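Accompanying notes for the structure given below.
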Amino acid sequence: MTVGRMSVVRNSDRYFTIAVDEFEDNSIKGILFHESGSGGILFESLLEMFFNMDRIFDQLGCPKQTVQRRQFSGIDDLTPEIKKSSEKERPGKLATFCVFVQYRYYASWQGNIKWVEGDVKISFESELELILAMYLLLTGNDRKEQVNNIMTTCHIAIDTYHSGKFTGNYQNIPSETLEQQVEPVDLAKSLGTFMEYELKNDDIPKYGLNYGQLISSDACTLCRRGGKIASFSVKVLFHEHATWQGIIYWREGRQQQLFRSYKEMIYLIASVAEASAGNGGYRGFMPVRA
């Protein structure tokens, strides 16, 4: 018979205060505060914010992660720099949010976010809904725009990467859509925005509506060239639990991995980009074999 150990779980462990100091369309900066620390943790992107929250949840064992995070073979788990601040908990210069993560099911988060200054509380069923809620509150938009079609395929070329921000481009071959990022942008926000591109009636896919391969033999020259440090192809197969599930292919490493949420997909991309940037770009290092 299996015997479980009882542990004291406090709701206060599930709360973070997010002080937002700077905000632009694809950039957010601020400080995270949690009662487990004497100071704050600086973040320069949504991905850094997510990672530091997950890291503290893992240390406390609350809320429990119900699945083990997936990784590419030979690539270490994401380990961005932890930027500690001596500041005590304070309001943000632009906005202050109180985020309560009740569960971490489906490789994602479920809980609610409260905008302190506006006294508005919004529930979320995934990290995608949390991102949307934060940006709607920061921009003052009180409703989500309807998107008729969400891209199910995307190629990602990363030229530079640091602190959850990248330069490079996103591509969707069927609709011949290209979005270049010359200045560093928030990976977690900008990729979701790009894939929620609404296909217009006059956007006739060059390779057909049933385009399903991760990398087509007819792919454009830009797609073939890829990024300077990393290139990925993403295929979204399902939209369940308010997030995405699908396949991501890392071209330089010649590996593919299934992802169960948008957050897990972003972590997979960032872990390779972080390792490749630290090595001055992909150098053909061999995956570690068991």
Side-chain angles (χ1 to χ4, degrees), residues 8-37 39-66 85 87-147 150 164 186 188-190 192-193 196 239-244 261-264 266:
V8 177
V9 177
R10 302 177 303 169
N11 265 350
S12 58
D13 290 337
R14 305 170 190 259
Y15 279 96
F16 274 89
T17 297
I18 302 175
V20 178
D21 294 333
E22 297 180 33
F23 170 74
E24 295 177 2
D25 183 44
N26 279 320
S27 177
I28 186 170
K29 294 182 181 180
I31 305 180
L32 284 172
F33 296 101
H34 188 269
E35 71 163 21
S36 65
I41 301 172
L42 299 166
F43 64 89
E44 298 181 37
S45 65
L46 285 171
L47 192 143
E48 281 196 327
M49 185 187 82
F50 287 158
F51 170 81
N52 280 294
M53 291 173 70
D54 262 334
R55 179 180 58 81
I56 291 174
F57 288 148
D58 288 342
Q59 290 174 350
L60 296 174
C62 170
K64 291 286 187 182
Q65 182 77 276
T66 58
S85 169
E87 288 189 75
K88 302 297 182 181
E89 185 169 329
R90 62 164 176 81
K93 296 176 183 177
L94 294 182
T96 312
F97 297 107
C98 183
V99 175
F100 173 68
V101 180
Q102 186 171 11
Y103 304 113
R104 290 196 292 170
Y105 295 155
Y106 318 117
S108 184
W109 292 349
Q110 298 79 37
N112 60 67
I113 178 172
K114 180 180 179 180
W115 175 31
V116 176
E117 290 82 359
D119 195 26
V120 175
K121 181 183 287 188
I122 301 174
S123 297
F124 58 86
E125 295 297 322
S126 70
E127 69 294 322
L128 273 175
E129 290 191 347
L130 173 58
I131 292 172
L132 175 66
M134 286 187 67
Y135 273 73
L136 290 183
L137 292 170
L138 285 167
T139 58
N141 190 346
D142 61 355
R143 66 182 181 88
K144 180 180 178 180
E145 295 182 1
Q146 295 297 314
V147 178
I150 295 177
D186 192 311
K189 171 60 169 62
S190 60
T193 301
E196 287 191 346
H239 295 84
E240 297 180 350
H241 312 300
T243 187
W244 304 345
S261 69
Y262 181 75
K263 181 164 69 74
E264 188 169 55
I266 292 295

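These figures come from a predicted structure and were not determined experimentally.
- Ser190 and Asp186 make their closest contact through OG-O, 2.7 Å (heavy atoms, listed as atom of the first residue, atom of the second, distance).
- The closest side-chain heavy-atom distance from Glu129 to Ile122 is not below 4.5 Å.
- Between Met49 and Met134 there is a side-chain heavy-atom pair separated by less than 4.5 Å.
- The closest side-chain heavy-atom distance from Tyr135 to Ile28 is below 4.5 Å.
- Residues Glu127 and Thr243 have side chains that bring a donor and an acceptor to within less than 3.5 angstrom of each other.
- Separation of atoms CZ (Phe124) and CD (Gln102) is listed at 9.5 Å; rounding is to 0.5 Å.
- Atom NE2 in His241 sits 13.5 Å away from atom CG in Leu128 (nearest 0.5 Å).
- Of the residues listed (Phe97, Phe100, Phe57), the one engaging Phe16 in a ring-ring contact (aromatic ring centres under 6.0 Å, His included) is Phe57, and it is the only one.
- Atom-to-atom distance recorded for Glu24:CD and Lys29:NZ is 8.5 Å, nearest 0.5 angstrom.
- In this structure, a donor-acceptor pair under 3.5 Å is present between the side chains of His34 and Ser36.
- Taken from CD1 in Ile131 to CG in Leu136, the straight-line distance is 11.5 Å, to the nearest 0.5 Å.
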Worked verdict on Val99 versus Lys114 for side chain to side chain contact (heavy atoms under 4.5 Å, CB included): CA-CA 6 Å; Val99 175; Lys114 180 180 179 180; over 6 Å; no
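- Checked by atom type and distance alone, the side chain of Tyr262 pairs as donor or acceptor with a backbone atom of Ala188 at under 3.5 Å.
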Side chain to side chain contact (heavy atoms under 4.5 Å, CB included) between Leu46 and Ile266, intermediate numbers included: CA-CA 10 Å; Leu46 285 171; Ile266 292 295; over 6 Å; no
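- Heavy-atom minimum distance, Ile31 versus Gly40: CG2-CA, 3.7 Å.
- Between the Gln110 side chain and the Tyr105 main chain, a donor and an acceptor come within less than 3.5 Å of each other.
- When all heavy atoms are compared, the tightest approach of Cys98 to Tyr15 is SG-CD2, 3.4 Å.
- The local environment of CD in Gln59 is crowded, with over 12 non-hydrogen atoms from other residues, nucleotides or ligands closer than 6.0 Å.
- Side-chain contact between Arg90 and Asp21: present, with at least one pair of heavy atoms (C-beta onward) separated by less than 4.5 Å.
- Summarising the geometry, atom CG belonging to Leu32 is positioned 11.0 Å from atom CD belonging to Glu89; distances are rounded to the nearest 0.5 Å.
- Scanning both residues, Glu125 and Ser108, for their nearest heavy atoms gives O-OG, 4.3 Å.
- Taking the six-membered ring for Trp, Phe43 and Phe50 have ring centres at least 6.0 Å apart.
- Atom CZ of Arg14 is separated from atom CG of Asn112 by 12.0 Å, given to the nearest 0.5 angstrom.
- Contact between Asp13 and Cys62 at its shortest, heavy atoms only, is CB-SG, 4.3 Å.
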Is there a side chain to side chain contact (heavy atoms under 4.5 Å, CB included) between Asp58 and Arg55? Walk through the geometry before answering. CA-CA 5 Å; Asp58 288 342; Arg55 179 180 58 81; 5.7 Å; no
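- Between the side chain of Thr17 and the backbone N or O of Phe33 there is no donor-acceptor pair closer than 3.5 Å.
- A donor-acceptor pair under 3.5 Å links the side-chain atoms of Glu117 to the main chain of Thr96, judged by distance alone.
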Residues Thr139, Phe23; criterion side chain to side chain contact (heavy atoms under 4.5 Å, CB included); working and verdict: CA-CA 9 Å; Thr139 58; Phe23 170 74; 3.8 Å; yes
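- The two atoms that bring Trp115 and Leu137 nearest to each other are CB-CD1, 3.8 Å, heavy atoms only.
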